[in-house]
Every structure is written in structure tokens, then in C-alpha cells.
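Only a predicted model underlies this, so the values are computations on that prediction, with no experimental measurement involved. Numbers here simply count residues along the sequence, with the first being 1. These numbers come from the heavy atoms of this one structure, side chains and all, not from hydrogens, waters or symmetry mates.
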Amino acid sequence: MILTLKDTGKYLSIGLVCCLLHSVVYAEYTISIVPQISANKIENRWSPVLEFIEQEVGVGFKIIHHASIEEFEESVAAGEVDFAYMNPFHAFRAKELQGYTPIIRDRTKMLFGQLWVNKRSGYESLEDLDGGLIVFPAPNAFGASLYMRALLREKEGINFRAKYVKTHSNVYRHVAMGRSEAGGGVARTYNAEPENLRQQLRLIYQTPGVRPHPICVHPRVPEAVQRQFAEAVIELFNSGESGIERLRAIGIPEPVLSDYDTDYFPLGALNLSQYVEGSMR
């Protein structure tokens, strides 16, 4: 068969249309998860959820990992990722800095910052920790550090030395090994630790509760994709026990649509700015 220039142009046009359709259907978005746990655990827990969303929405997702919470914050403050799972204060500041909007959060749980001591220690009250070393994952980790430090100093009158050890897992291990008097965490990351580690720790203080970590989206993402993403997460919940287990693994066992003004804007009234460090200031 001999193709004329006219025929060649026709086939090129068809090929171009197919390529364009393919690029639209398989558009890829980036998503980052605040690194409270290791990159391997993030990948294992989030990939099954994202695979379901990919099938429902017809787009792809690439997880962007960060070595520390500080690196995650810099990325969000610069608007580098399309979707991000972040703590409540991150959601408040990310809205102000880049226009990120929370679209999904868990319905059932409130976030409580928790302070843990070694079970074998003689620490029975906060006063026993005065002047001691307390470890935290990062300055702006909300429940485990930011809110916790503000309450300890401003409300409880406790003076302490702070050390940041990058992850919640590191906090629990520092306390268990006796490397600090106490450490800040949250229930979800504590419950994810091995039982033999949890048995070495004892809860000594807990903050008031706030709305939990949401999934937020940058305004450059088309509204249709934002809506379909949220709908897919809820559809996964409605799909049965297997879907619920996947969502439970990422800390959103009963997803609902999030409203920024109701859920996270009120955090501005806590006046935490003097305790904020780095790119989220």
C-alpha cells in the first residue's frame, strides 16, 4: 500500500489525537505524606488506596517522599506537590501560603497530642519533667510537638530542653531506651508501633483534641479531579471491609468531606506562631 502525503497527514492527525487523549486520561499527579513513619511504610499503606483512586478517576499518582517533616514542610510551602496528607496546623498554613484546600479527613477521630515516659521511670506528673529533656519528631508536628510545647510552657509552666528526632518512631525509641525524660507523639503512630515497644511506655499527658490530618489539594489541580478524588475515597469506604482496611491503614477509617473554615481555620486563634519554625512560619 502506497501512502500519499494527504494520507500520511491523516494518519499523523489520528495518532496525535490518540496521544492527546492518552495524556489526558493518564495525567499524573504528585502526592506527599507527612513523614511520621518510614518511606517504606508510607509506600505500603498508601499505594493500595491510590491504586483504587487511579482506577476510579483515570489519573495516576506518584508518591513524593521526604526525609524529614521539615523537608515536607518546605515542599508544601513552595507548592511543589499536588496533593498532600498533612497535620492540622500544616493545613491551616498551607491554605494561607499556597491555597491548598483540605478535601478529605476522618470523621470519627480527633487528634490528641500525647506525652510518653518510660514505664520504668519514676515520673508521675508533669512537674517531674521540669528541667528535663523532651524529644519531639519536628518543631511543627502539630499534636506531638507544636501544640504540645505551647501547652507545656504556657499552660502547665514546665521548663524543658527540646530535641527533634525526625519521626514519631524515633521519639518512642528514644524514650524506651532512656535517652530522654519524655517524648511527644499521637495515638495513631503509637498504636502502629510493635507491642513490645508500646509496653515500655506510659502516657503522662494529653492535649485537647482537634480535627485530624486531612488530605489537601493545590488549587492548580482541576476542580473535577479534586471532586473525583474525594468521591473515590468515600467510594472505597463504601466498597466493603477490604476498602475500610485500606483506609484504616492510612489513618482515615471513615472519610468525610472536609471544610477548611470549620475544621482548620479556628487553629489560627491558638496563637502558636512563636513556636513555629522554618518554612511554615
Side-chain angles (χ1 to χ4, degrees), residues 33-38 41-42 45 67-70 72-73 86-90 106 108-213 248-249 251 267 270-272 274-278 280:
I33 293 87
V34 60
Q36 298 172 313
I37 54 179
S38 70
K41 288 182 178 179
I42 289 174
R45 296 177 187 182
S68 67
I69 294 177
E70 289 87 352
F72 169 84
E73 291 170 347
M86 58 184 72
N87 77 39
F89 184 77
H90 287 155
D106 184 63
T108 60
K109 296 181 178 180
M110 298 291 281
L111 175 66
F112 297 90
Q114 297 180 327
L115 192 66
W116 296 90
V117 297
N118 192 302
K119 184 179 291 186
R120 299 185 301 275
S121 74
Y123 304 131
E124 300 294 338
S125 67
L126 290 180
E127 288 73 20
D128 295 331
L129 303 176
D130 195 64
L133 174 66
I134 301 180
V135 293
F136 305 95
N140 301 335
F142 183 76
S145 178
L146 182 63
Y147 196 20
M148 179 68 72
R149 287 183 293 119
L151 288 173
L152 290 178
R153 293 192 188 279
E154 305 296 333
K155 181 181 178 182
E156 307 297 340
I158 304 300
N159 293 311
F160 57 88
R161 293 173 289 123
K163 180 179 179 180
Y164 305 108
V165 293
K166 295 188 177 181
T167 69
H168 288 231
S169 292
N170 287 344
V171 166
Y172 303 131
R173 282 157 178 76
H174 269 69
V175 177
M177 296 174 68
R179 294 181 177 178
S180 66
E181 276 68 37
V186 296
R188 186 175 71 85
T189 57
Y190 168 79
N191 290 331
E193 295 294 337
E195 183 178 359
N196 63 341
L197 175 62
R198 288 185 279 119
Q199 288 179 346
Q200 300 179 58
L201 307 178
R202 174 165 46 85
L203 184 66
I204 197 171
Y205 182 73
Q206 182 165 277
T207 73
V210 299
R211 294 295 186 193
H213 290 48
R248 185 175 292 119
L267 295 180
L270 295 177
N271 295 319
L272 300 174
Q274 64 177 309
Y275 294 98
V276 178
E277 297 186 15
M280 284 290 166

Discussion item. Working to the nearest 0.5 angstrom, can you tell me the gap between F72 CZ and M86 CE?
Written reply: 4.5 Å
Worksheet item: Do Y147 and L111 touch side chain to side chain, with heavy atoms closer than 4.5 Å?
Response: no
Item to complete: Could you tell me whether the side chain of S68 and the main chain of K166 form a donor-acceptor pair under 3.5 Å?
Response: no
Worksheet entry | N87 (side chain) donor-acceptor with H213 (main chain) under 3.5 angstrom | no
Discussion item. Within the 4.5 Å heavy-atom criterion, are H174 and K163 side-chain neighbours or not?
Written reply: yes
Worksheet, complete the sentence: Between the CD atom in E156 and the CG atom in L129, the distance rounded to the nearest 0.5 Å is 11.0 Å
Discussion item. Can you confirm whether R211 sits close enough to P88 that some side-chain heavy atom of one is under 4.5 Å from a side-chain heavy atom of the other?
Written reply: no
Discussion item. For the backbone of G185 and the side chain of Q114, can you confirm whether one donor and one acceptor N or O come within less than 3.5 Å of each other?
Written reply: no
Discussion item. Between F112 and V186, is the side chain to side chain contact (heavy atoms under 4.5 Å, CB included) condition met? List the steps.
Written reply: CA-CA 6 Å; F112 297 90; V186 296; over 6 Å; no
Response to the item:
Here the gap from I134 atom CD1 to M148 atom CE, rounded to the nearest 0.5 Å, amounts to 8.5 Å
Worksheet entry | Closest contact, heavy atoms only, R161 versus G131 | NE-O, 3.9 Å
Worksheet item: Can you check whether R149's main-chain N or O pairs, donor with acceptor, with R153's side chain at less than 3.5 Å?
Response: no
Item to complete: Enter the distance from L115:CG to E181:CD here, rounded to the nearest 0.5 Å.
Response: 11.0 Å
Discussion item. Do I37 and R45 make a side-chain contact, defined as non-hydrogen atoms from C-beta onward lying under 4.5 Å apart?
Written reply: yes
Fill in: Min side-chain heavy-atom separation F160-L133 under 4.5 Å
no
Worksheet item: Closest heavy-atom contact between Y275 and N140?
Response: O-OD1, 4.1 Å
Worksheet item: How close do F136 and A162 get, heavy atom to heavy atom, and via which atoms?
Response: CE1-CB, 3.8 Å
Worksheet item: Are any side-chain N or O atoms of Y190 and backbone N or O atoms of R198, one a donor and one an acceptor, separated by less than 3.5 Å?
Response: yes
Worksheet item: Looking at CE of M177 and CG of L197, how far apart are the two atoms once the value is rounded to the nearest 0.5 Å?
Response: 10.5 Å
Response to the item:
Between the CZ atom in R173 and the OG1 atom in T167, the distance rounded to the nearest 0.5 Å is 8.0 Å
Worksheet item: Below 4.5 Å, heavy atoms only, C-beta onward: do L270 and F89 meet side chain to side chain?
Response: no
Worksheet item: D130 side chain to N159 main-chain N or O, any donor-acceptor pair under 3.5 Å?
Response: yes
Worksheet entry | For the student: nearest non-hydrogen atoms of G251 and R188, plus distance | CA-CD, 3.5 Å
Worksheet item: Checking R120 side chain against G178 main chain: does a donor-acceptor pair fall under 3.5 Å?
Response: no
Worksheet item: Checking N118 side chain against V175 main chain: does a donor-acceptor pair fall under 3.5 Å?
Response: yes
Worksheet entry | For the student: nearest non-hydrogen atoms of A144 and H168, plus distance | CB-CE1, 3.6 Å
Worksheet item: In chain order, what residues pass the side chain to side chain donor-acceptor pair (under 3.5 Å) check against Y172, with sequence neighbours excluded?
Response: T189
Worksheet item: Does Q274 CD have over 12 foreign heavy atoms under 6.0 Å away?
Response: yes
Worksheet entry | R202 versus S121, closest heavy-atom pair with distance | NH2-O, 3.4 Å
Discussion item. Test side chain to side chain contact (heavy atoms under 4.5 Å, CB included) on I204 and D128; report intermediate values, then the result.
Written reply: CA-CA 10 Å; I204 197 171; D128 295 331; 5.7 Å; no
Worksheet entry | Beyond-backbone contact of I69 with H90, side-chain heavy atoms, under 4.5 angstrom | yes
